[in-house]
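Structure, as structure tokens:
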Amino acid sequence: MPTDSAPSTALPPADGTPLYLVDGSGFIFRAYHALPPLNRPDGTPVNAVMGFTNMLMRLLAELKADAVAIIFDSKRLNFRNEFYPDYKAHRPEPPEDLRPQFAIIREAVEAFNLPRIELEGYEADDLIATYARQARAQGRPVTIVSSDKDLMQLVDDGIRMLDPMKNKMIGPDEVFEKFGVAPDKVVDVQALAGDSVDNVPGVPGIGIKTAAQLITEYGSLEALLERAGEIKQAGRRQKLIENADLARISKRLVKLEENAPVPVPVEELKVREPDVNRLLSWLGVQGFRSIIAKVKAEIAADGTLADGAALHAAAGDGGEQQRRDLRAALDGRSYAPSAAPAVVRADAHIPRPDKVEHVLVDTEEALAAWVAEGLEAGVVAVDTETDGLTPMRASLVGISLSTRPGRACYIPVAHIDPSTPKEGAGGLDFGDGAPPPKQVPLTRALDILRPLLEHPGVLKVGHNIKFDLQMFAKHGVTVAPIDDTMLRSYVIGGGRHGHGMDELAQRHLGVTTISFDEVTRTGKSRITFDRVPLDKATAYAAEDADITLRLWHVLRHDVLADRMVTVYETIERPLVPVVARMEMEGVLVDRQVLKELSNDFAKRLVELEAEIHVLAGRTFNVGSPKQLGEILFDEMKLSGGKKSAKTGAWSTDSSVLEELADLGIPICQKVMDWRQFAKLKSTYTDTLGEQINPGTGRVHTSFALAATSTGRLSSTDPNLQNIPIRTEEGRKIRRAFVAAPGNRIMSVDYSQIELRIVAEMAGIPALQQAFRDGIDIHAMTASQVFNVPLDQMTSEIRRRAKAINFGIIYGISSFGLSRQLGIAAGEAGAFIKAYFERFPELQAYMEKTKAEAARDGYVRTLLGRKCWIQGIQEKGARKSYAERQAINAPIQGTAADIIKLAMIKLPGALADAGLNARMLLQVHDELLFEVPEAEVEATSALVRQVMEGAVDIGIPLVAEAGVGLSWAEAH
DNA sequence: CTTTTCACG
DNA sequence: GACGTACGTGAAAAGT
């Protein structure tokens, strides 16, 4: 976790804000029994839900509560059953028509956006007791909303109870009325009297009246039991002596735990303004028309439902709402009711619609009607269908829209007859297919859709909407504003599961979607989407839009509930158009340079192969690790072979070959050389040329936004984040990445960003100072760890320190370090020990991070991104692996967050400065630009400034720029 | 379709 | 005493 210098979610000081603690579980039963049966339109019983919802409304609207927690029992047994198994054992199962209401009531709390508290092993009463005492200690008045007498023990002059059914306040006087003693003696009375409902035994024959009398007389339960012999009445005396232990157990059962490990700090129990759309939708599903009217009236009155927070302040689309209102005012139209800016109709059933309409749109009139419907709704899900997966090569063949859950359409715009031959000879169409099906042609369809897609007041929701943005941009349509369900899922569950739509549909909606393969078939018989018959295409495409919108409703709430709004809104969402633009820009690649390198590599491969065959004594496939292993270890009988654990095959990776080459085995060095050239040729020089887009003459990679567990981007088709640089031969490939005439390639990279982050997050003053002083960090750590003055530093000592520094970032192990440095594990372990002794804060930080991962299942970056860690609960090697991930993820992830923030700021900063540089690539700590020759100086200064100032993490960030005619020169 | 290897940060 | 390892990716080729 961030240390003191992290952007703090500063807790407010105890400020005397009254705290309302609602006994949710208790209330459910009382509301159920108090209210007549009541069903919502679909037949689900909701009488307790109704009572509960009215109570929440009263809390917010009448009591104007600012600090609230709704507290529930956890399902399982609690700690009381450990010492008294019969506790609450005879409770009957809840009635049939109450059971389905529990889940709906939890939904109610979410819909009102109130803190919902429950904790396994504890009853709601224990959590209430804990919070009540904590708030009381801060001098805050506490109101417990409950009519459960078991809570009366908590009452004092600062803690009162409110009986929500009778609307009656309970203070010390009322408690005395009930129990005949002051609140602090209530426990003793209950221990004696017992409770048949909860199966608390007490002392047989003693009820509340007698108990109160005895406690008043003797002062306390302990005193009474000790002096039981003094009691005059023989029967009562005997019962007390015989059942003293039962009374003591009863006291433990009745006494509430005041030190429960509550899951949310008391300071964070705050009323947050609900998402009005979600709340109204939810109320609509329940059929609570009178409550909807009340909510709307409240909002009309003061713009908020609860006191405090501004409307939509926490909601993800707050900006959109404001812009929409502004736009509506400007053009004199209004797309939303003036009083309640609810845009999702309250009768929309979320997430499960009661009817499904997936329709084909093949006329301009029908399309215009859908556009009108989208404008009215204010939120639409959009999806595009194309004839390929790479956006820069694919063509648009259809568009789907969804305006509310269950309602979606498919608009084919470039479908052809399914019987059309796959490839017209030489691209010519001999007209042997039937005419295309009836549809609105592409350009006409886009003209009609444009007002919707570009309308600043209509949110366009997509699943990986970057792709759709690009498809529309190709036709001059700039889609904005946007939201992305894939990225919403990513900020919540990055590293825990995938974020593809099919998986999320299953996960969140329980829906199995129509698979793409099902529609297009697979393998050789696969057809492009423009050949899919319209009925099938509609079923598939409309479903995608429908599911996207339904996922949006769920995930929008989940992001909020998971406190990930800031990461989503400040990093992921604004990044989408930036990366979309960058991919479309593409990078200019000189085919001729690649061709020459390819020929050169081919020549050397032929030579090497011949030499290797001679040395092996026979011909074989050098590219086959299996055959090579057999040659080296079975036929040539070389020692030092390792077998892979999985298949038992000989390992022939570079570490093995290198060892043998050092022993003077000539074939091994030759194979290593062969491998290098084979890799460079097959992966880079032969392939990159083919990736040049014939239309733009440039290479357009695709950056995956939700692929990594740490928040990094990844690059595919082709991967431009792993272009060689480490060897001289490999580096030549960068000569092919060139600037267009009149331009230069500029590379700007962060210097030592991950080590800076370590220094900051772990709070290591010595490292922080070194970075502030701008000294060589590897030499400095070498000097500190190995006790060598800087002026006597050798390159070998510095190399070792550098390896340790990198090791730190990877979650160091003595094995890994020893392998990296080619030293014994024991020696490596000693280095690590010395390092930790010099920088003790580091070891403490690592322990803390591991513990956090084990406790929560995830770790966080400095900016709050969650990185889920799989396997942290396991044992042995798997656990160690998970621990190293837990150490690495916050560091790597923070660096990823920082460069993303810089990328978001750059387009605006460049435009404001009148500069025309284009951002081309991101390589984790580096950004690549194409810059007009005349603007090189100004761009270099500005980009460095923006990158260094992307966010203030405490330690200074440093960015360095290089310029040249190619990437090789710029780096 | 999985495994091995190797390119990058 | 042996596990099986440095963290994060994607692509090509071989081998099932």
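Since this is a predicted model, take the numbers as computed values, not measurements. Protein chains get the first letters and strands the later ones, always in sequence-line order, with residue 1 at the start of each.
- Counting heavy atoms from C-beta outward, Phe620(A) and Ile631(A) have side chains that approach closer than 4.5 Å.
- Heavy atoms of Lys679(A) sit under 4.0 angstrom from at least one base atom.
- Within a 6.0 Å radius of CZ in Arg799(A), other residues, nucleotides and ligands contribute more than 12 heavy atoms.
- A distance of about 22 Å separates the P atoms of dG4(C) and dC6(B), rounded to the whole Å.
- Residue Arg838(A) holds its CZ atom at 12.5 Å from CG of Leu767(A), rounded to the nearest 0.5 Å.
- In this model, the phosphate group of dT5(C) is not approached by any side-chain N or O of Ser880(A) to a distance below 4.0 Å at OP1 or OP2.
- Geometric assessment of Lys642(A) against the ring of Trp650(A) yields a negative cation-pi assignment under the 6.0 Å and 45° thresholds.
- The CZ-P distance, from Arg878(A) to dG4(C), rounds to 9 Å in whole Å.
- For the pair Trp868(A) CH2 and dC7(C) P, the computed distance is 21 Å after rounding to whole Å.
- Atom CD in Gln922(A) sits roughly 13 Å away from atom C1' in dG8(C) (whole-Å rounding).
- Residues Ser715(A) and Phe703(A) have side chains in contact (heavy-atom distance under 4.5 Å, counting atoms from C-beta outward).
- Contact annotation: Arg884(A) side-chain N/O to dC7(C) OP1/OP2 distance is under 4.0 Å.
- For the pair Tyr684(A) and dG10(C), the criterion of a side-chain N or O lying under 4.0 Å from OP1 or OP2 is not met.
- For DNA chain C, none of the residues of residues 827-835 of chain A falls under the heavy-atom distance limit of 4.0 Å.
- Separation of the C1' atoms belonging to dC3(C) and dC8(B) is 30 Å when rounded to the nearest angstrom.
- Across Leu927(A) and Gln922(A), no two heavy atoms sit closer than the pair CD2-CG, 3.6 Å.
- Here the P atom of nucleotide dG4(C) and the NZ atom of Lys875(A) are 16 Å apart, to the nearest Å.
- Salt bridge annotation for Lys833(A)-Glu837(A): present, with a cationic side-chain nitrogen under 4.0 angstrom from a carboxylate oxygen.
- Heavy-atom contacts from other residues, nucleotides or ligands closer than 6.0 Å to NZ of Lys466(A) number more than 12.
- In this structure, Ile723(A) reaches the sugar-phosphate backbone alone: every heavy-atom distance under 4.0 Å involves primed, P, OP1 or OP2 atoms, never a base.
- Here Gly876(A) lies out of heavy-atom contact (under 4.0 Å) with every strand.
- Atom CG of Asn621(A) is separated from atom P of dA14(C) by 5 Å (rounded to the nearest Å).
- Distance noted for atom P between dT5(C) and dT4(B): 10 Å (whole Å).
- Ion pairing of Glu847(A) with Lys850(A) is present here, as a side-chain N (NZ or NE/NH1/NH2) and a carboxylate O approach within less than 4.0 Å.
- Thr701(A) contributes a side-chain N or O that, together with a main-chain N or O of Pro718(A), makes up a donor-acceptor pair within less than 3.5 Å.
- Put simply, chain A comes within 4.0 Å of DNA chain B, heavy atom to any atom, from dT3(B) to dG9(B), going 5' to 3'.
- Residue-to-nucleotide contacts include no donor-acceptor pair under 3.5 Å from the side chain of Arg712(A) to the base of dT9(C).
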State the dot-bracket string of DNA chain C. Criteria: Watson-Crick or G-U wobble, both atom distances under 3.5 angstrom; notation: ( ) intrastrand, [ ] crossing earlier pairs, | interstrand, . unpaired.
......|||||||||.

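- Of the possible donor and acceptor atoms, none in the side chain of Tyr835(A) sits under 3.5 Å from a partner among the backbone N and O of Asn805(A).
- Between the CG atom of Asp653(A) and the P atom of dA12(C) there is a distance of 21 Å, given to the nearest Å.
- Among the nucleotides dA12(C), dG10(C), dA6(C), the one closest to any side-chain atom of Ser714(A) is dG10(C).
- Relative to the six-membered ring of Phe601(A), Lys681(A) misses at least one condition, a distance below 6.0 Å or an angle of at most 45° to the axis.
- Heavy atoms of Asn719(A) sit under 4.0 angstrom from primed sugar atoms or phosphate atoms, though from no base atom.
- Put simply, CD on Gln885(A) is 16 Å from P on dG4(C), counting in whole angstrom units.
- Of the candidates Arg865(A), Arg860(A), Arg712(A), Arg865(A) is the only one forming a salt bridge (Lys or Arg N to Asp or Glu O under 4.0 Å) with Asp897(A).
- At a threshold of 4.0 angstrom between heavy atoms, the contacts of Phe815(A) include nucleobase atoms, whether or not backbone atoms are also involved.
- Going from atom CD of Gln691(A) over to atom P of dG10(C) covers 15 Å, rounded to whole Å.
- Contact annotation for Thr708(A): backbone-only contact, meaning every heavy-atom pair under 4.0 Å involves sugar-phosphate atoms and none involves a base.
- Residue-to-nucleotide proximity on DNA chain C shows that, of Leu713(A) and Gln627(A), the 5′-proximal contact is made by Leu713(A).
- Residue contacts for Ala803(A): at a heavy-atom cut-off of 4.0 Å it reaches a base atom on one of the strands shown.
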